[in-house]
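Residue numbers begin at 1 in each chain, while the letters A, B, ... track the order of the sequences. Please read these numbers as outputs of a predicted model, since none were measured by experiment.
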Amino acid sequence: MININEVLETNKMIEKENLDVRTITLGISLLDCIDSDLSRLNEKIYNKITTVAKKLVPTGNAIEKEFGIPIVNKRISVTPIALIGSAACKTSEDFVTIAKTLDRARKTVGVNFLGGYSALVSKGMTRADELLLRSIPQALAETELVCSSVNLGSTKTGIDMDAVRLMGDIIKETAERTKEQDSIGCSKLVVFCNAPDDNPFMAGAFHGVTEADAIINVGVSGPGVVKNALESVRGASFEVLCETIKKTAFKVTRVGQLVAQEASKRLGIPFGIVDLSLAPTPAIGDSVADILCEIGLEYAGAPGTTAALALLNDQVKKGGVMASSYVGGLSGAFIPVSEDQGMIDAVNAGALTIEKLEAMTCVCSVGLDMIAIPGDTKPSTIAGIIADELAIGMVNQKTTAVRIIPVIGKTVGDSAEFGGLLGHAPIMPVNPYSCDAFVNRGGRIPAPIHSFKN
Amino acid sequence: MKKTIITVVGKDTVGIIAKVCTYLAENKINILDISQTIVDDYFNMMMIADMSIAVKAVSEVSDDLDKLGKEIGVVIHCQREEIFNSMHRI
């Protein structure tokens with residue numbers, strides 16, 4: 001039988017160390033909504049989402065209360081809209097009407113975010129894909145909580161550099177359209193290499209075409225719990241350090257597994273995966289950078305950071321995999337800048353640069369995330385940053401992503417305010433040298449060789 | 001059996017257990033086990049209770065106990081047992 005110390009330990013994690021279930025994400029396939037008539041398509045999409053997700057928020061709230069564990073977000077992901085709208089949409093404006101329908105459906109069911117305004121163009125773009133990409137700035141400016149993602153490359157296909165170059169312009173235009181709010185539109189837009197089909201986290205969640213009609217995916221979080229556990233083993237060897245992280249990750253993930261199974265049972269929708277990510281928030285004590293400091297660094301970004309992060313990421317997976325029957329999504333430590341107070345402090349102290357962040361993304365999920373850069377950064381430079389990050393994913397057979405925010409009207413020394421879970425970010429300097437001739441070549445980077453690994 | 005864990009944390013004072021037990025009795029919730037400890041001068045009590053024949057749902061009981069806790073100046077949680085089992089038992 002459960003003893004009092006175990007009960008108190010669990011409740012301490014929840015109350016003092018910010019243990020929570022970060023999100024229950026309901027993936028919904030919209031493939032059966034496809035129609036060549038735009039208004040009929042919009043109507044079908046609205047009806048399907050509001051029917052399937054009707055009970056999502058009340059169910060989440062009930063689980064939260066009965067188990068006493070906060071479930072911070074209830075979200076929806078849908079099939080990439082470039083596929084769903086391809087028969088009906090003749091212009092970018094046509095695609096924007098779908099974005100608005102998604103936002104309306106999201107509001108009706110009361111979820112925090114809806115993801116899937118997406119296109120998968122890792123090898124090439126169809127006409128519909130390109131129309132969707134070009135509609136992103138308007139769609140994100142005119143909707144509230146719809147998220148967009150674009151898969152630009154994969155280990156099997158290489159990188160679609162035409163789309164990468166285009167996304168440089170799209171990100172810049174998205175920033176321009178939302179410049180009154182520190183270019184917040186870009187926080188809802190992420191580009192990927194090797195995007196997973198079952199990611200429950202925003203902005204990159206979409207419901208892949210390989211998935212069932214509807215599925216429940218859950219993302220857990222507990223950087224504060226790991227940090228607190230590590231406080232008790234200061235100065236101990238790597239063996240002790242790793243064992244402590246593993247045990248903690250196991251406990252945290254078990255809660256996610258329980259919530260996922262319970263939600264699946266109550267909604268009558270199959271359980272997909274638990275995403276084993278350490279996802280920070282701007283709240284004090286809910287930081288991945290603080291864990292790195294607890295491991296022994298003065299600031300995130302100091303020499304040793306990549307090794308510490310590699311160790312952390314691996315132990316979280318080792319502990320988490322046994323705790324859950326199905327693991328998927330991104331599964332790793334997130335290192336967003338604006339959403340993590342420890343990262344912000346490191347940038348302000350001059351300890352952390354974009355180049356170091358790029359190195360860190362080689363060993364963790366998911367990439368250059370929530371990084372504010374000067375508003376006058378050229379689109380071709382943004383495309384260059386994206387190409388670098390995607391190359392890491394392509395060669396290392398892992399997911400990488402870029403969610404970067406050129407904050408219009410601001411420059412190094414200023415700070416961008418996004419509010420809520422998105423936090424705030426100091427503007428980081430970008431390498432000033434040009435890559436125009438590289439990104440303007442056109443075409444694709446071929447897929448890498450999978451043998452002769454050295 | 002539908003087990004829930006009720007925890008009471010706060011400054012020790014006369015009648016805490018009495019008030020909680022009275023509420024449980026009125027709502028047909030059977031207490032299976034009680035344990036308590038003092039952590040950092042705070043009174044910590046845990047009850048394992050069976051709600052099989054309880055008149056109210058867990059979420060409702062949780063709300064009621066939260067309110068009762070506020071009246072007597074302690075924090076009371078009522079949670080289904082599964083969350084602790086899943087975290088601490090393989």
Quiz item: Which atom names give the shortest non-hydrogen contact between B:Ile90 and A:Phe250, and what distance separates them?
Solution: CG1-CZ, 3.9 Å

Hey, can you pull the donor-acceptor pairs under 3.5 Å for the side chains in residues 267-278 of chain A, sequence neighbours left out?
{"from": "A:Asp275", "atom 1": "OD1", "to": "A:Ser277", "atom 2": "N", "distance (Å)": "3.3"}
{"from": "A:Asp275", "atom 1": "OD1", "to": "A:Ser277", "atom 2": "OG", "distance (Å)": "2.5"}
{"from": "A:Asp275", "atom 1": "OD1", "to": "A:Ser331", "atom 2": "N", "distance (Å)": "2.8"}
{"from": "A:Asp275", "atom 1": "OD2", "to": "A:Leu330", "atom 2": "N", "distance (Å)": "2.7"}
{"from": "A:Ser277", "atom 1": "OG", "to": "A:Ser331", "atom 2": "N", "distance (Å)": "3.3"}
{"from": "A:Ser277", "atom 1": "OG", "to": "A:Gly332", "atom 2": "N", "distance (Å)": "3.2"}
{"from": "A:Ser277", "atom 1": "OG", "to": "A:Gly332", "atom 2": "O", "distance (Å)": "3.2"}

Quiz item: Does any heavy atom of chain B fall under 4.5 Å from the side chain of A:Ile2, the backbone, both, or neither of them?
Solution: both

Exercise. Identify which of B:Val58, B:Ile5, B:Val39 forms the greatest number of heavy-atom pairs closer than 4.5 Å to chain A.
Key: B:Val58

Using only distance, no hydrogens or angles, which N or O donor-acceptor pairs sit under 3.5 Å between chain A and chain B?
{"from": "A:Met1", "atom 1": "O", "to": "B:Arg89", "atom 2": "NH2", "distance (Å)": "3.2"}
{"from": "A:Glu6", "atom 1": "O", "to": "B:His88", "atom 2": "NE2", "distance (Å)": "3.1"}
{"from": "A:Glu6", "atom 1": "OE1", "to": "B:Arg89", "atom 2": "NH1", "distance (Å)": "3.4"}
{"from": "A:Glu6", "atom 1": "OE1", "to": "B:Arg89", "atom 2": "NH2", "distance (Å)": "3.1"}
{"from": "A:Glu6", "atom 1": "OE2", "to": "B:Arg89", "atom 2": "NH1", "distance (Å)": "2.8"}
{"from": "A:Thr10", "atom 1": "OG1", "to": "B:His88", "atom 2": "NE2", "distance (Å)": "2.7"}
{"from": "A:Asn11", "atom 1": "OD1", "to": "B:Gln79", "atom 2": "NE2", "distance (Å)": "3.1"}
{"from": "A:Asn11", "atom 1": "ND2", "to": "B:Gln79", "atom 2": "OE1", "distance (Å)": "3.3"}
{"from": "A:Glu15", "atom 1": "OE2", "to": "B:His77", "atom 2": "NE2", "distance (Å)": "2.6"}
{"from": "A:Lys65", "atom 1": "NZ", "to": "B:Asp63", "atom 2": "OD1", "distance (Å)": "3.2"}
{"from": "A:Lys65", "atom 1": "NZ", "to": "B:Asp63", "atom 2": "OD2", "distance (Å)": "3.2"}
{"from": "A:Glu66", "atom 1": "O", "to": "B:Arg80", "atom 2": "N", "distance (Å)": "2.8"}
{"from": "A:Glu66", "atom 1": "OE1", "to": "B:Arg80", "atom 2": "NH1", "distance (Å)": "2.8"}
{"from": "A:Phe67", "atom 1": "O", "to": "B:Gln79", "atom 2": "NE2", "distance (Å)": "3.1"}
{"from": "A:Arg254", "atom 1": "NE", "to": "B:Ser86", "atom 2": "O", "distance (Å)": "2.6"}
{"from": "A:Arg254", "atom 1": "NH2", "to": "B:Arg89", "atom 2": "O", "distance (Å)": "3.0"}

Practice problem: Give a yes or no on this: more than 12 heavy atoms of other residues, nucleotides or ligands lie within 6.0 Å of atom CD of A:Glu231. | Solution: yes

Exercise. Select one option (side chain, backbone, both, neither) describing which atoms of A:Leu19 are under 4.5 Å from chain B's heavy atoms.
Key: side chain

Quiz item: Given a strict heavy-atom distance threshold of 4.5 Å, which part of A:Leu258 is in contact with chain B: side chain, backbone, both, or neither?
Solution: side chain

